[in-house]
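Take a look at the structure set out below.
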Amino acid sequence: MLQNDVAPAGRSRADARQWAGLGLLALPTLLLGLDVTVLYLVLPSMAAALEPTATQTLWIMDAYGFLIAGFLITMGTLGDRMGRRRLLLIGMTAFALVSLFAAFAPTAELLIVARALLGIAGATLMPSTLSLISNMFPDVRQRAVAIGVWATMFALGMAAGPVVGGALVERFWWGAAFLIAIPIALVVLIGARRLLPEYADAQAGRIDLASVALSLLTILPAIYAVKHAAASGVDVLMATLLLAAVIAGVAFVRRQGRLASPLLDVTLFAHRALASALTVLLLGLVGVGGTMYLVTQYLQLVEGLTPFVAGLWMGPPALAMLAAAVGAPLIARRVRPGQVMAFTLAVSVLGYLLLASASPGEAGRVVAGFALIYLGLGAIAALGTDMVVGVAPASKSGSAAAMSETVQELGVAVGIALLGSLTTAVYSSRMEPLAAAAPEVAERVSGSLAGALSVADRVPADVVVEAQEAFTVGVNAASAVAGATIVVATVLCLTVLRHVRPLGQDDEAAATQH
């Protein structure tokens, strides 16, 4: 077995080199977060240059997330086998090269291909960075803080995406947004061999290609079904996709139980803390993913802010998450992690209540509510992820990291689809009677707020005001549903996770016995 450059055993504490390595690992994590949202602002400029169809535009936005989610489990396990640092360097190199290709893609079709390849490359980065943190920080308390920093960098990247994208489009052209990856990749490639350890499980067997195929056939149809339902409603195609995903998932689990070296060690799910932490992460990300999408829409479409300014308004929520992600592990040294997570989730419920009662013209109230929501996310992202990774043995930490990331990616996709669909349904039901006032553009007016604003010069002024009000009511309804989901997650933390001891106490007890 390839060993870490720093021993992963015992209670050894990380030194300056490991903390510097964490700073290096923060860069690809930040980059992945940026890539999720940077196209929100770039899309109009890109569409003007490449003239994609509506379907092509959808795939330009979605291909990245689809392929990341689909390949996370495969890449996490691959890192366990071939070496986590090696996989990180390969993925970082691929990400930079494909980003260069994407920046100068001459057609929409080639940009879709580039986004898909970026998703596959991105899937190597997320579990590699998280599992390396597990190796570099063997001390339980330090590891929790390090994971908190890691989780925060991804959220900061997502928050900064619109701001960075807007600045680059204003000064350069749409492709410049993809070139951010190149200097980041150079820094990571230069510093990795000096600051990052290598770890691989020499006892692991070869990757089972049939398991890879089954994992893709489970995850990709499931996510596509959710997105399809959001756009087109529940229909035969959605049901068929979900059925195919379930059948492939059952076959995947059964195959893992028969393999000596499974792609995913399904026995890990038998651990109560791990399974519960994954459930809390899933529920938490459903709420956050959906409300983040709606809040950014509210700031731009209801309040009339430019994407750049709207991105600046997302700064306070990002700082709230930073405080929780770093502070929660410190508090969890004395208070049980389940209680810390429950408290911050209860605070985030107050944030959902603020969103559920907001009206047009209350940007401050909406951002304050989302800041409280992000506070809860910071705690569960740090402590929940630490529970998942901490349960797994060192040889399986890449696989465990991939499980955590897959659940969170799924949560965001489901949240955007479900809460977005609910908001659209509420909006349409309120606007259909008013759309009759302008029959030539009725479909746009009743379809979405963006559509109503696009024909604002062809409809009475009060119709636009009503459209903004209808969208806000939809956000109110979606936030109330999301808040109810977080109440369930809070109860889970207080009940199922109540047995998890404060960070480091198990190690201290073991040391006392010896």
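One is the number of the first residue; the rest follow in order along the sequence. Since this is a predicted model, take the numbers as computed values, not measurements.
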Run the side-chain donor-acceptor check on residues 87-109: report pairs under 3.5 Å with partners two or more places apart or on a different chain.
unit_1: Thr93; atom_1: OG1; unit_2: Leu89; atom_2: O; d: 2.8
unit_1: Ser99; atom_1: OG; unit_2: Phe95; atom_2: O; d: 2.7
unit_1: Thr107; atom_1: OG1; unit_2: Leu110; atom_2: N; d: 3.2
unit_1: Glu109; atom_1: OE2; unit_2: Gln56; atom_2: NE2; d: 3.0

Distance-only donor-acceptor pairs under 3.5 Å for side chains of residues 275-283, two or more places apart:
unit_1: Ser276; atom_1: OG; unit_2: Arg272; atom_2: O; d: 2.8
unit_1: Thr279; atom_1: OG1; unit_2: Ala275; atom_2: O; d: 2.9

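Using a 4.5 Å heavy-atom threshold, the side chains of Leu72 and Pro127 count as touching. Residues Arg17 and Met136 have side chains not in contact (no heavy-atom distance under 4.5 Å, counting atoms from C-beta outward). Side-chain contact between Leu32 and Tyr64 is present, with at least one heavy-atom pair separated by less than 4.5 Å. Side-chain contact between Ser128 and Leu125 is absent, with no heavy atoms from C-beta onward closer than 4.5 Å. Side-chain contact between Leu216 and Phe71 is present, with at least one heavy-atom pair separated by less than 4.5 Å. For the pair Met341/Met387, a side-chain contact is recorded, criterion being any heavy-atom separation below 4.5 Å from C-beta on. Contact of the Val145 side chain with the Leu330 side chain is registered, since non-hydrogen atoms from C-beta on lie closer than 4.5 Å. Using a 4.5 Å cut-off on side-chain heavy atoms (C-beta onward), Thr74 and Ser215 make contact.
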side-chain contact (heavy atoms from CB on, under 4.5 Å) assessment of Arg85 paired with Arg193: CA-CA 8 Å; Arg85 183 179 67 185; Arg193 295 191 180 279; 4.0 Å; yes
Ile180/Ile184 under side-chain contact (heavy atoms from CB on, under 4.5 Å): CA gap, chis, key distance, verdict: CA-CA 7 Å; Ile180 304 170; Ile184 292 178; 4.0 Å; yes
side-chain contact (heavy atoms from CB on, under 4.5 Å) between Ile219 and Phe252, intermediate numbers included: CA-CA 11 Å; Ile219 297 170; Phe252 175 79; over 6 Å; no
Evaluation steps, side-chain contact (heavy atoms from CB on, under 4.5 Å), between Arg501 and Arg336: CA-CA 5 Å; Arg501 302 180 67 178; Arg336 291 182 181 272; 3.8 Å; yes
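In this structure, the separation between CE on Met292 and CG on Leu419 is 14.0 Å, given to the nearest 0.5 Å. Interatomic distance, CG of Leu130 versus CZ of Arg84, reported as 10.0 Å (0.5 Å rounding). Here CG of Leu345 is found 9.0 Å from CG of Leu494. Values are rounded to the nearest 0.5 Å. Here the CG atom belonging to Leu214 is positioned 11.0 Å from the CG atom belonging to Leu209, to the nearest 0.5 angstrom. The distance from atom CG of Leu31 to atom OG1 of Thr129, rounded to the nearest 0.5 Å, is 11.0 Å. Remark: Thr344 OG1 to Ile373 CD1 distance equals 12.5 Å, nearest 0.5 Å.
Smallest separation of non-hydrogen atoms from Pro317 and Tyr374: O-CD2, 3.1 Å. Between Gly483 and Val349, the shortest heavy-atom contact is O-CG2, 4.1 Å. Contact record, Leu375 with Ala324: O-CB, 3.1 Å, taken as the closest heavy-atom pair. When all heavy atoms of Leu377 and Met321 are compared, the closest pair comes out as CD2-SD, 3.9 Å. The two residues Arg255 and Ala210 make their nearest non-hydrogen contact at NE-CB, 3.5 Å. Scanning both residues, Leu220 and Gly70, for their nearest heavy atoms gives CD2-CA, 3.9 Å.
The side-chain hydrogen bond (donor to acceptor under 3.5 Å, both in side chains) search around Arg143 returns Asp386, not counting sequence neighbours.
Although no hydrogens or angles enter the test, the distance criterion places a donor-acceptor pair under 3.5 Å between the side chain of Thr291 and the main chain of Val288. Checked by atom type and distance alone, the side chain of Arg115 never pairs as donor or acceptor with a backbone atom of Ile112 at under 3.5 Å. Side-chain N or O atoms of Thr218 include one that pairs as donor or acceptor with a backbone N or O of Gly249 at under 3.5 Å.
Trp19 has its ring centre less than 6.0 Å from the ring centre of Phe137.
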